[in-house]
Amino acid sequence: MTTLPAWWDEAADGPMNMAADEALAAAALERGSLAVRLYDWTASTLSLGAFQPLAEARAGVHGLPIVRRPSGGGAIVHGSDLTYAAALPRSHAWGGSAQSLYDALHTALVETLVHRGIPARLHGTEEGPGDATALLCFDRRAPGDVVVPRPGGQAAAKIMGSAQRRLGTTVLQHGSLLLRSNADVAPQVRHPGLADLYDVAARWQTRELVESWLGRVAAALGCRLEFQPLPFGHGREEQLARGALRFADPTWTARR
Amino acid sequence: MAADLKFAKTHEWIRPEAGGLATVGISAYAVEALTDLVFMQLPQVGKHVKAGESIGEIESVKAVSDFYAPVSGEIVEVNTPLAGSLETLGKDPYGAGWIVRIRPDAPAEMAGLLDQAAYDALVKSQPH
């Protein structure tokens with residue numbers, strides 16, 4: 001049986017995380033299959049979509065390090081979320097359209113949450129796109145985003161969003177599952193996470209949640225989830241260091 | 001669709017023009033796959049590109065995609081208004097939705113690209 005390789009990495013800064021994700025795309029192409037990396041951040045960080053204006057980000061969220069992702073979508077305040085990168089060759093069954101990989105990972109998360117008693121669902125096409133120009137990813141809505149009802153009956157809250165970089169032969173998808181609200185940013189740019197919305201989620205072990213989620217992804221591919229014993233960067237130190245320099249370059253961050 | 005179009009496997013089309021130039025765009029299939037376009041970054045006139053090199057990026061609600069030079073050459077004209085009317089890419093991808101004009105280094109390089117039938121077969125074989 002083939003495997004879905006997953007790396008659960010130690011916290012790193014923005015440029016190093018982006019460099020590792022770029023290298024993940026190359027590794028997925030080499031393997032010819034889906035590969036996933038989960039990681040944390042050494043400090044709360046704002047990651048910008050590939051073409052979001054830097055000035056707008058600085059005006060909207062103060063005091064955090066900023067890194068620009070190669071992927072699209074809206075800005076994300078990291079630090080209280082579970083961040084993932086998933087990569088596969090474009091020739092993969094889920095590589096043909098942007099929606100395929102998006103739906104595969106998000107549907108598996110919805111199933112995981114529903115199994116645990118949280119009525120998560122995918123944001124429907126008929127519900128509209130929301131404000132596609134909002135600075136923050138969690139203020140936007142796109143078909144396939146993972147949303148949950150807010151206790152009290154207010155509008156559903158988005159708890160996972162993802163966006164992609166589609167290169168000639170590979171696809172890199174970034175995504176964020178909001179676990180809890182981030183106290184490092186001003187209240188007006190905070191979003192409630194799973195643990196804020198559902199008491200039961202506050203008691204979950206993130207590792208178990210991820211194993212259940214990615215286990216479903218692996219099952220959908222007919223393979224077995226296999227966490228790798230060594231960090232993704234092991235043996236790739238020079239490659240990642242070179243990549244991190246590019247993502248730390250102010251001309252990249254200020255490209256728009 | 002014009003029979004004089006050739007296609008790259010990465011879904012760009014190229015059409016030879018008078019004066020040794022060639023017009024480049026992205027295929028209707030690629031535009032449809034992108035959906036809900038929001039931003040496009042075009043290259044600079046005068047840039048020399050190699051075949052397969054990224055010449056710009058296009059962002060949809062969910063993804064940023066690169067588009068590539070189908071042949072090597074110098075970019076001599078850019079369809080600048082396109083960035084402000086991205087719907088044109090979907091409405092007329094082989095006409096008003098052209099992206100750049102290139103002066104190919106070696107026009108014969110186009111012969112190595114896919115013709116319409118081969119490109120249609122490629123599209124049919126793509127995962128959905």
Side-chain angles (χ1 to χ4, degrees), chain A residues 25 34 48-53 68-74 86 88-106 122-123 125 128-134 137 140-145 161-175 221 255-256, chain B residues 7-13 24 26-44 49-72 82-84 86-87 89-90 113-114 119-128:
Chain A
L34 179 66
L48 282 186
F51 287 114
Q52 288 193 280
R68 188 179 292 283
R69 303 189 306 267
S71 54
L88 45 68
R90 286 186 75 150
S91 57
H92 188 280
W94 293 347
S97 75
Q99 198 72 41
S100 299
L101 179 59
Y102 202 82
D103 284 350
L105 296 189
H106 286 201
L122 300 182
H123 181 76
T125 308
D131 182 1
T133 62
C137 167
R140 300 181 177 191
R141 296 289 182 278
D145 285 343
S162 301
Q164 296 179 0
R165 179 76 189 205
R166 300 179 68 81
L167 296 162
T169 52
T170 57
V171 178
L172 170 64
Q173 178 166 305
H174 278 132
L221 289 171
R255 72 188 300 225
R256 189 171 182 225
Chain B
F7 295 85
K9 289 179 181 174
T10 45
H11 305 292
E12 295 79 17
W13 57 262
V24 173
I26 55 178
S27 74
Y29 168 81
V31 175
E32 192 179 332
L34 287 168
T35 70
D36 299 328
L37 304 179
V38 295
F39 183 79
M40 187 172 201
Q41 177 144 299
L42 295 163
Q44 297 289 317
V49 293
K50 291 181 181 169
E53 181 182 339
S54 174
I55 53 174
E57 297 162 66
I58 187 161
E59 180 172 28
S60 63
V61 169
K62 288 191 174 62
V64 171
S65 302
D66 288 62
F67 48 93
Y68 300 90
V71 296
S72 301
L82 191 60
L86 293 174
E87 67 280 2
L89 275 170
L113 297 170
L114 305 174
Y119 180 69
D120 289 346
L122 173 76
V123 167
K124 279 186 184 166
S125 72
Q126 298 281 296
H128 297 288

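What you are looking at is a predicted structure, and each value in this text was computed from that prediction instead of being measured. Proteins get letters first, then strands, A, B, ... in listed order; numbering begins at 1 in each.
Under a cut-off of 6.0 angstrom, the local environment of CD in Glu53(B) is crowded, with over 12 non-hydrogen atoms contributed by other residues, nucleotides or ligands. Around the CD atom of Glu87(B), the shell of radius 6.0 Å holds more than 12 heavy atoms that belong to other residues, nucleotides or ligands.
When heavy atoms are compared at a cutoff of 4.5 Å, His92(A) approaches chain B solely by way of its backbone atoms N, CA, C and O. With a 4.5 Å cut-off on non-hydrogen atoms, Thr169(A) does not touch chain B at all.
Qualifying side-chain contact (heavy atoms from CB on, under 4.5 Å) partners for Ser27(B), counting only residues two or more places apart in sequence or in other chains: Phe7(B), His11(B), Tyr29(B), Ala30(B), Tyr94(B), Tyr119(B). The ring pair (Phe, Tyr, Trp, His ring centres under 6.0 Å) check on His106(A) picks up Tyr102(A), with sequence neighbours excluded. Considering only residues two or more places apart in sequence or on other chains, Arg256(A) meets the salt bridge (charged side-chain N to carboxylate O under 4.0 Å, His left out) condition with none of them.
Not one N or O on the side chain of Gln126(B) forms a donor-acceptor pair closer than 3.5 Å with the backbone of Gly95(A).
Residues of residues 63-70 of chain B that come closer than 4.5 Å to chain A, counting heavy atoms only, are Ala63(B), Val64(B), Ser65(B), Asp66(B), Tyr68(B), ordered by residue number.
Taking the side chain as every heavy atom from C-beta outward, Pro143(A) and Lys62(B) approach each other to under 4.5 Å. Side-chain contact between Arg165(A) and Glu57(B) is present, with heavy atoms from C-beta onward closer than 4.5 Å.
Shortest non-hydrogen contact noted between Gly168(A) and Thr10(B) is CA-CG2, 4.1 Å.
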